[in-house]
Amino acid sequence: MTARSLFFLVVAAVLAAIPFFLPSAETFLAIVYAKSLAVLGIILLLQAGQVSFGHGMFFATGAYTVAFLGRSLGGGDLGLLIVASVVTSALLGVVVGLFVVRYRYIFFGMLNLAFSMVLYSILEKFFHLTGGSDGLRILRPTVFGQSFERAGFDGVLYYLTLALALAAAWLVWLYLKSPLGQALKAIKTNETRLEYIGLSARTVLLVGYVISAVLCGLGGAALGVIQGIATPEYTYWTRSSEFVFIAILGGVGNVAGALTGSLVYEAIRTYAAAFVADSWQLILGFVLLVIILRAPTGIVGMVETIAARRRAARPAHPVATEPAE
Amino acid sequence: MSFDTLMLAVCDGIAYASLVFLVAVGLTFIFGVLGVLNIAHGSFYALGAYVAVSAGIALTKAGFSPWLTFPALFGAALAVGIVLGGLMEKFLLQRIYDKEQVLQILVTFAIFMMLENVQRLVWGVQPYFMSEPLQLLGNVELFGISYTAYQTIFLPILAVIVLVGLRTFLRHTSAGAQILAVTEDREAASAIGINAERVYFLTFIVGASLAALGGAVAAPTTSLIPGMGAEMIVLSFAVAATAGLGQIEGAAVAALMIGLGRSLAVYVAPEFEVLVPYILMVLVLIVRPSGLFGAPQLRKI
């Protein structure tokens, strides 16, 4: 067993034990895990050097799928709802993806934004279908045939979102290591060479795009169930930018950035909102600026650099290397 | 649809297109020269509007002639553009010109977030109005319908002045030539003695002032609410992208298309009002991926 997978298991075990020590943090952390799914989708695209300011549209797709299906089934079952949201967000991902993978950088980012604004206005304007800006309520679904009281359901959601987040992080890590994932990274470094070896850059990016759409759809479905509501705000572009922000905060070089970033972000937001109710955006903006200018590799990148420096400086190390400075 | 409604839609559309053009041309000018897509541009628009209204209200309350609200609009736009734009370029953008594009966008996004919050702290969330400039100019009769002169004459003329002014400035003055030189090749331009730093600084101030001007002259026609900056930045990107990024004349054409399309939708199918600009953009980009006026770019090797 490598140190990396051991570390992964320890983190998983610690997170799984939290509800026994800190039951009050359950919902807060479930929200963190739900958002980290969406952030993972953003990090995946950033491997290809592309940033989307519109992934809120897939987040909303997940949430509204749960809302519509739950309403027509009188609650529905959580397992079914999650599967349905994967299907719908994948479908939308293919449709939008086919168009946007022809573009790169600013165009890619802003076209995603435009698509999400289209979905936003549809959700807001067609209120007889979507409930307008009030959104749709999401009733508490059954879980594989069993119904839960509120407290029990919170516990179920905690472990479900945690399992989803960890499984997704692991799968994305495997994907990025695979040849297809390596090809995705090649889009950032040298797209033309990618095509010289016979791979279509558009197809490679499309696969990554659909996976990122599904991750966001899952996140949206989970957050919808946690908060009991789906609103057009899920697809507003500031929400999409929030995911990008969290990705940069956590660090885009590593799948661990998604969870770390979400946790720190939600913590800052919650505390900042509690202490300075009106200025939390000001604080977040400032934090974002400091990260980009001072630590562009994010929190995980910073930790990695420090760890590498320590390893290098350790005297017992068999090969004596000079410290980085 | 009757002829009168069509005329109303056209007047609405032209007025709206003029406003969007002012903002979008600033955005595309900055992008063309600096290569930075400034999301905080939307905040400059909103702050231009808020400062103009506050100045106008203060002037009329102090007993000055209501005609002074006109210079107040321009004064507010310049103040916002020079102070905020200048500070932002000098202290932030200069540090990020050599960074990844993704990070550049995020820096301007961070500024957008902060300015949005500042605006909320200063002006609160209640709507603001100032209709003096609109009323002072009165109405005009056009093909049997009556419409405000502010929207049918003042705004389009202002937009045309800006379009012609920018064109003339870039093509027929030495400062404009310097800007074009820096845009073409920063290093070569510096080598022949052009101060590229100053060119960037001034370009950003001009672009920011145009956004603020758009907001200031939009103020009399609408009520100011939080979130107006976010909406405008997306819309002006739609215009700039439809035009082809960096294209000044293209921005005028795209603004007209999108403005008219949107106002026709208001009368024909109001649900689609907000969608029309993006649908137009997507249609144009499917046919011409680099926009109406944009030259196709060679792929990076």
Side-chain angles (χ1 to χ4, degrees), chain A residues 45-46 49-51 53-54 96 99-100 102-111 113-122 124-127 188 190-193 195-196 201 236-238 241-242 244-245 247-248 252 276 278-293 296, chain B residues 31 35-37 39-40 91-92 95-96 99-121 124-125 227 230-231 233-235 237-238 240-242 245 269-279 281-282 285-286 289-291 294 297 299-301:
Chain A
L45 280 179
L46 278 166
Q50 308 303 319
V51 58
F53 285 101
V96 176
F99 180 71
V100 295
R102 302 163 59 201
Y103 303 89
R104 298 289 179 271
Y105 301 105
I106 285 181
F107 265 93
F108 181 87
M110 297 300 275
L111 283 172
L113 170 59
F115 273 107
S116 76
M117 287 301 287
V118 169
L119 184 64
Y120 173 78
S121 16
I122 290 175
E124 206 183 29
K125 293 282 165 183
F126 294 80
F127 51 85
K188 181 178 182 176
N190 197 324
E191 194 177 323
T192 319
R193 273 188 217 160
E195 301 219 330
Y196 279 159
Y236 201 62
W237 71 274
T238 47
S241 314
E242 187 182 293
V244 181
F245 179 174
I248 301 286
V252 297
V276 276
D278 296 328
S279 308
W280 64 269
Q281 266 189 313
L282 206 63
I283 294 173
L284 273 186
F286 186 72
V287 171
L288 181 56
L289 273 185
V290 172
I291 296 168
I292 296 174
L293 296 176
Chain B
F31 179 81
V36 173
L37 188 79
I39 292 183
F91 291 105
L92 273 174
R95 296 159 182 259
I96 59 155
K99 293 208 177 191
E100 270 181 73
Q101 221 165 26
V102 172
L103 295 180
Q104 292 180 346
I105 300 181
L106 277 169
V107 164
T108 66
F109 171 69
I111 301 294
F112 167 81
M113 254 164 100
M114 294 165 78
L115 288 180
E116 234 16 38
N117 204 153
V118 167
Q119 171 208 314
R120 224 170 266 240
L121 286 175
V125 290
E231 236 166 80
I233 180 62
V234 188
L235 194 68
F237 170 76
T242 310
L245 283 176
E271 297 89 4
F272 289 96
E273 177 200 337
V274 198
L275 298 185
V276 167
Y278 308 114
I279 295 172
M281 171 176 82
V282 168
L285 290 182
I286 284 178
S290 42
Q297 277 192 338
R299 285 177 60 185
K300 189 176 74 177
I301 299 201

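Predicted model only: the values in this text are computed from it and were never measured. Any value given below was found using the heavy atoms of this structure, including those in side chains, with hydrogens, waters and symmetry copies removed. A note on names: the letters A, B, ... follow the listed sequences, proteins ahead of strands, and every chain is numbered from 1.
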Using a cut-off of under 4.5 Å on heavy-atom pairs, state which of A/Gly49, A/Gly109, A/Ala114 scores highest against chain B.
-> A/Ala114
Tell me, for B/Ile96 versus chain A, whether the close heavy atoms (under 4.5 Å) come from the side chain, the backbone, both or neither.
-> side chain
Do B/Thr108 and B/Leu37 have side chains that get closer than 4.5 Å, going by heavy atoms?
-> no
Heavy-atom distance under 4.5 Å between the side chains of B/Val107 and A/Leu289, does that happen here?
-> yes
So B/Phe109 and A/Phe53, would you call those rings parallel, tilted or perpendicular, with 30° and 60° as cut-offs?
-> tilted
Please state whether the side chain, the backbone, both or neither of B/Gln104 comes within less than 4.5 Å of a heavy atom of chain A.
-> neither
A/Tyr103 and A/Phe99 aromatic ring geometry - parallel, tilted or perpendicular at 30°/60° bounds | tilted
Top of B/Leu115, B/Val118, B/Val274 for chain A proximity - count of heavy-atom pairs under 4.5 angstrom | B/Val274
Check whether A/Ile283 gets within reach of chain B through its side chain, its backbone, both or neither, counting any heavy atom under 4.5 Å.
-> neither
Against chain B, label A/Phe286 side chain, backbone, both or neither, depending on which of its atoms sit under 4.5 Å from a heavy atom there.
-> both
Is atom CZ of A/Arg102 surrounded by more than 12 heavy atoms (other residues, nucleotides or ligands) closer than 6.0 Å?
-> yes
For A/Ile291, is it the side chain, the backbone, both or neither that has a heavy atom under 4.5 Å from a heavy atom of chain B?
-> neither
Name the region of B/Ile111, side chain, backbone, both or neither, that has any atom closer than 4.5 Å to a heavy atom of chain A.
-> side chain
For B/Ala241 and B/Leu285, work out which heavy atoms get closest and say how close.
-> O-CD2, 3.7 Å
Taking atom CD of B/Glu231 as the centre, report whether more than 12 heavy atoms of other residues, nucleotides or ligands fall under 6.0 Å from it.
-> no
Flag side-chain contact, heavy atom, 4.5 Å: B/Asn117 against A/Leu284 = no
Measuring heavy-atom distances to chain A, does B/Ala238 have an atom under 4.5 Å in its side chain, in its backbone, in both, or in neither?
-> neither
Heavy atoms only, distances under 4.5 angstrom: which of B/Gln101, B/Glu100, B/Lys99 has the most pairs with chain A? Name it, please.
-> B/Gln101
Is it the backbone or the side chain of B/Leu121 that comes under 4.5 Å from a heavy atom of chain A, or both, or neither?
-> side chain
Side chain, backbone, both or neither: which part of B/Ile39 has a non-hydrogen atom closer than 4.5 Å to chain A?
-> side chain
